[in-house]
Amino acid sequence: MLGIDIVYLPEFKKRFKNISLDKVFLSIELSQNPKPENLAGIFAAKEAFFKAIGKKENWLEVWIEKDKFGKPSLSSSLLKTDQKAQISISHARDYATATVFIER
C-alpha cells in the first residue's frame, strides 16, 4: 500500500497558527522538529500514511521519530503485526512532501 502527500508551507503555517499542535503531533515529534518545514513534513507523512491505509484516523495514532542520524521512522497503533511502514520525507522552499509504503 502506498500513500503520498505534499504540503504548501505558507498554508500550513497559517492553518496551524491558531490551533493547538498537540492535537496533531506528539511531544517527541514537536521536540525533534522545531522548524515549521520539519513539522510540515511530519504532517505530510501522517497524511500519506492515512492514504496508504485507506482511511483517516486519529492523528496521534501515527508518529514519526528520527534516529540519531535524522532518518525518520513511522510507527502506528493502526498497523497490523505483519505490516511495516517505510517512509521518506523531503522539503524544499515552500513545499514538504512525504511518501509512505506499507509492506506485509
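Everything quoted here is computed from the prediction, not taken from an experiment.
- Shortest non-hydrogen contact noted between Ala48 and Ala98 is CB-O, 3.8 Å.
- Going from atom OG of Ser20 over to atom CZ of Phe25 covers 11.0 Å, rounded to the nearest 0.5 Å.
- Considering every non-hydrogen atom in both Val7 and Ala44, the closest pair reads CG2-CB, 3.7 Å.
- For residues 77-91, there are no salt bridge (charged side-chain N to carboxylate O under 4.0 Å, His left out) pairs, not counting sequence neighbours.
- Here the shortest heavy-atom pairing between Leu79 and Ala85 reads CD1-CB, 4.2 Å.
- Side-chain atoms of Ile87 and Phe101, non-hydrogen and from C-beta on, never get closer than 4.5 Å to each other.
- Note: Ile53 CD1 to Ser76 OG = 6.5 Å, rounded to the nearest 0.5 Å.
- Under the side chain to side chain contact (heavy atoms under 4.5 Å, CB included) criterion, Ile4 pairs with Thr97, Thr99, not counting sequence neighbours.
- No side-chain donor-acceptor contact under 3.5 Å links Glu103 and Gln83.
- Put simply, OG on Ser90 and CD1 on Ile6 are 9.5 Å apart, with the number rounded to the nearest 0.5 Å.
- In terms of heavy atoms, Glu37 sits closest to Ala96 at O-CB, 4.2 Å.
- Looking only at side-chain heavy atoms (C-beta outward), Phe49 and Leu78 come within less than 4.5 Å of each other.
- Note that CG of Leu21 and OG of Ser27 are 12.5 Å apart. Values are rounded to the nearest 0.5 Å.
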>> side-chain contact (heavy atoms from CB on, under 4.5 Å) for Phe43 and Phe16? Distances and angles first, verdict last.
In response: CA-CA 11 Å; Phe43 183 83; Phe16 281 90; 3.6 Å; yes
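- Judged purely by atom type and a 3.5 angstrom limit, Lys46 has no side-chain atom pairing as donor or acceptor with the backbone of Ile64.
- The aromatic rings of Phe50 and Trp59 lie perpendicular to each other, with more than 60° between the two planes, well past the 30° mark.
- Checking side-chain atoms of Glu11 against main-chain N and O of Tyr8 turns up no donor-acceptor pair under 3.5 Å.
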>> One pair to check against side-chain contact (heavy atoms from CB on, under 4.5 Å): Leu39 and Leu30. What are the steps and the verdict?
In response: CA-CA 7 Å; Leu39 282 178; Leu30 293 170; 4.0 Å; yes
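- Under the 4.5 Å side-chain criterion, counting only non-hydrogen atoms from C-beta, Val24 is not in contact with Leu60.
- Rounded to the nearest 0.5 angstrom, Leu9 CG and Tyr95 OH are separated by 10.0 Å.
- Under the 4.5 Å side-chain heavy-atom criterion for Ile, Leu, Val, Met, Phe, Trp and Tyr, Ile19 and Leu26 are members of distinct hydrophobic clusters.
- Residues in residues 47-66 take part in these salt bridge (charged side-chain N to carboxylate O under 4.0 Å, His left out) pairs, two or more places apart or across chains: Asp5-Lys51, Glu47-Lys56, Lys55-Glu57.
- Here Gln86 contributes atom CD and Ile102 contributes atom CD1; the two are 10.5 Å apart, rounded to the nearest 0.5 Å.
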